[in-house]
Protein chains: 2
Amino acid sequence: MGTTELRRITMTPAALRVREAAARLFYERGIHAVGVDLIAAEAGVTKKTLYDRFGSKEQIVVEYLVDRDERWRAFLARHLDAAPPEPPARVLAVFDASHAWSRANGSKGCSMVNAHAEISDASHPAYPVIIGQKKWMLALFTRLAGEIAPDEADRLGRTLMLLNEGALVAYGLNVFPDPFGHAREQARVLLTTAGDRP
Amino acid sequence: MGTTELRRITMTPAALRVREAAARLFYERGIHAVGVDLIAAEAGVTKKTLYDRFGSKEQIVVEYLVDRDERWRAFLARHLDAAPPEPPARVLAVFDASHAWSRANGSKGCSMVNAHAEISDASHPAYPVIIGQKKWMLALFTRLAGEIAPDEADRLGRTLMLLNEGALVAYGLNVFPDPFGHAREQARVLLTTAGDRP
DNA sequence: CCGTGAGTATACAGATCTGTATAGTGAGCG
DNA sequence: CGCTCACTATACAGATCTGTATACTCACGG
């Protein structure tokens with residue numbers, strides 16, 4: 001029931017440097033705009049090594065996105081562990097995590113959404129990774145909302161999802177200042193009125 | 001005060017076919033993944049003609065996005081003209097327009113957001129077009145919200161913006177069914193409670 | 001009737017793309 | 001010692017990328 005299966009490539013030090021360089025370049029310039037020669041050069045590695053480890057550029061893309069997904073989930077888990085136990089505060093902690101993540105990882109929006117824009121085929125191995133993260137986020141929001149207003153969990157979870165995704169876009173495109181703060185405040189209001197009239 | 005200036009290329013029939021083919025290919029496969037040879041072939045035009053009209057691939061990208069922007073604004077204006085004059089109904093008409101537009105134009109999300117993901121340089125001539133459309137949408141939402149609750153126009157406009165952008169992403173990635181319907185309903189609730197307690 | 005402009009057809013330049021081949025180095029280990 | 005493994009260095013294959021050059025057709029307008 002995991003998000004993906006395979007992906008059993010040995011992460012040698014050189015492979016880690018490749019994934020690191022690819023992650024930065026893919027995110028900043030886009031996947032198709034970055035060639036394997038550049039990735040190898042930035043990683044301080046020959047193309048031979050790169051292909052020995054990953055086998056194809058497509059596999060590098062998959063490793064990039066899977067790693068990004070795992071990092072985000074761990075990052076979010078840390079924020080949730082540090083949050084107060086009250087359910088509404090835990091929801092707000094998700095928006096705080098999104099904000100902190102975006103500030104730390106650059107302002108080009110969501111890696112998954114950006115990758116999706118460059119992948120035409122739904123049979124691409126990176127596809128389930130992208131969709132999986134969004135479904136997982138919706139499930140998380142819905143679960144947290146269910147601890148506040150069980151019979152409105154679906155509606156609230158979806159609304160929180162829209163606010164968070166909207167904030168990610170607004171942050172990346174600099175539409176207005178502090179979109180995560182705004183989304184967080186709107187989420188707070190939403191949960192307050194939902195919890196007050198059960 | 002217009003969004004852009006130049007863009008004075010003569011749109012001959014062949015040029016129109018080029019822009020049409022490029023628009024479809026760019027949106028479905030991504031900008032960097034599509035070459036000018038393919039665009040010319042799909043448009044039934046030689047590369048000579050393509051370069052005589054546009055001069056560069058970059059210019060084709062700009063024309064693609066400017067045209068998309070103009071089409072969307074005209075499309076939205078038609079929906080707003082057909083909507084009831086009551087301000088809340090006009091806000092909901094924006095979400096209906098987004099829904100109809102997305103249904104008609106494919107499920108790869110927002111052209112502007114996708115293009116932004118592939119453009120690294122902020123000095124790219126397409127940049128102001130992308131940012132311009134989002135700022136314009138925020139201004140529209142804020143103006144419409146101002147006719148309902150003037151002293152909350154900014155807050156409501158921004159929240160409506162997040163709901164709409166979030167729905168665009170959720171629709172493109174198929175996160176849950178009918179995100180525009182959901183966003184529209186949440187907007188309705190938001191405007192009702194805002195209008196009721198001035 | 002002659003020039004202009006939009007278009008076709010084809011070939012090519014030079015760079016860059018993904019991916020592979022050959023040959024060799026050096027460290028760890030049984 | 002000898003084997004494996006991670007890695008370097010270099011060259012190249014074949015395709016595709018953006019962009020240009022040459023030579024031609026055809027319609028229209030002064």
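Atoms considered below: every heavy atom in the structure, side chains included; atoms not considered: hydrogens, waters and symmetry mates. What you see is a predicted model; the values in this text were computed from it and never measured.
In this structure, B/Gly166 and A/Glu165 approach most closely via the heavy-atom pair CA-CB, 4.1 Å.
If you measure from atom CG of B/Leu38 to atom P of D/dT16, you get 11 Å, rounded to the nearest angstrom. Rounded to an integer number of Å, the gap from OH of A/Tyr51 to P of D/dT10 is 19 Å. Distance CZ (A/Phe26) to P (C/dC17): 12 Å, rounded to an integer number of Å. Rounded to whole angstrom, the span from the CD1 atom of A/Ile39 across to the C1' atom of C/dC17 amounts to 12 Å. B/Leu50 places its CG atom 13 Å from the C1' atom of D/dT20, with the value rounded to the nearest Å. B/Leu16 has its CG atom 13 Å from the C1' atom of C/dA6, to the nearest Å. Between the C1' atom of C/dA6 and the CZ atom of B/Phe54 lies a distance of 13 Å, rounded to the nearest Å. Atom P of nucleotide C/dA15 and atom CG of B/Asp37 are separated by 18 Å, given to the nearest angstrom.
Among the heavy atoms of the strands, none lies under 4.0 Å from B/Asp52. Looking at heavy-atom distances under 4.0 Å, A/Val34 makes contact with sugar-phosphate atoms alone, never a base.
Taking hydrophobic clusters as Ile, Leu, Val, Met, Phe, Trp and Tyr residues chained together by side-chain heavy-atom distances below 4.5 Å, A/Phe176 does not share a cluster with A/Leu168. Clustering ILVMFWY residues whenever any of their side-chain heavy atoms sit less than 4.5 angstrom apart, transitively, puts B/Leu80 in the very cluster that holds B/Leu163. Note on A/Phe180: it does not cluster hydrophobically with A/Leu160, by side-chain heavy-atom contacts below 4.5 Å among ILVMFWY residues.
The phosphate of D/dC7 has OP1 or OP2 within less than 4.0 Å of a side-chain N or O from A/Thr12. Contact check, A/Thr49 against D/dC7: no side-chain N or O comes under 4.0 Å of OP1 or OP2. The side chain of B/Arg17 places no N or O atom within less than 4.0 Å of a non-bridging phosphate oxygen (OP1 or OP2) of C/dG7.
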Quiz item: Reading DNA chain C 5' to 3', how would its secondary structure be written in dot-bracket notation, given Watson-Crick and G-U pairs with both distances under 3.5 Å, brackets [ ] for crossing pairs and | for partners on other strands?
Solution: ||||||||||||||||||||||||||||||
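Checked against D/dT18, D/dA9, C/dA6, the side chain of B/Thr10 finds its nearest nucleotide in C/dA6. Among the nucleotides D/dA9, C/dT8, D/dT20, the one closest to any side-chain atom of B/Lys47 is D/dT20.
With contacts defined as side-chain heavy-atom distances shorter than 4.5 Å, the pair A/Ser120/B/Tyr27 does not qualify.
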Self-check item: Test log, rule salt bridge (Lys or Arg N to Asp or Glu O under 4.0 Å), inputs B/Arg158 and B/Asp154
Solution: CA-CA 6 Å; B/Arg158 290 174 179 190; B/Asp154 281 353; 5.3 Å; no
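Of the two residues contacting DNA chain C, namely B/Pro13 and A/Lys57, the nearest-nucleotide position lying further toward the 5' end is that of B/Pro13.
No donor-acceptor contact under 3.5 Å links the side chain of B/Lys48 to the base of C/dG7.
Two rings, from B/Phe75 and B/His79, have their centers less than 6.0 Å apart.
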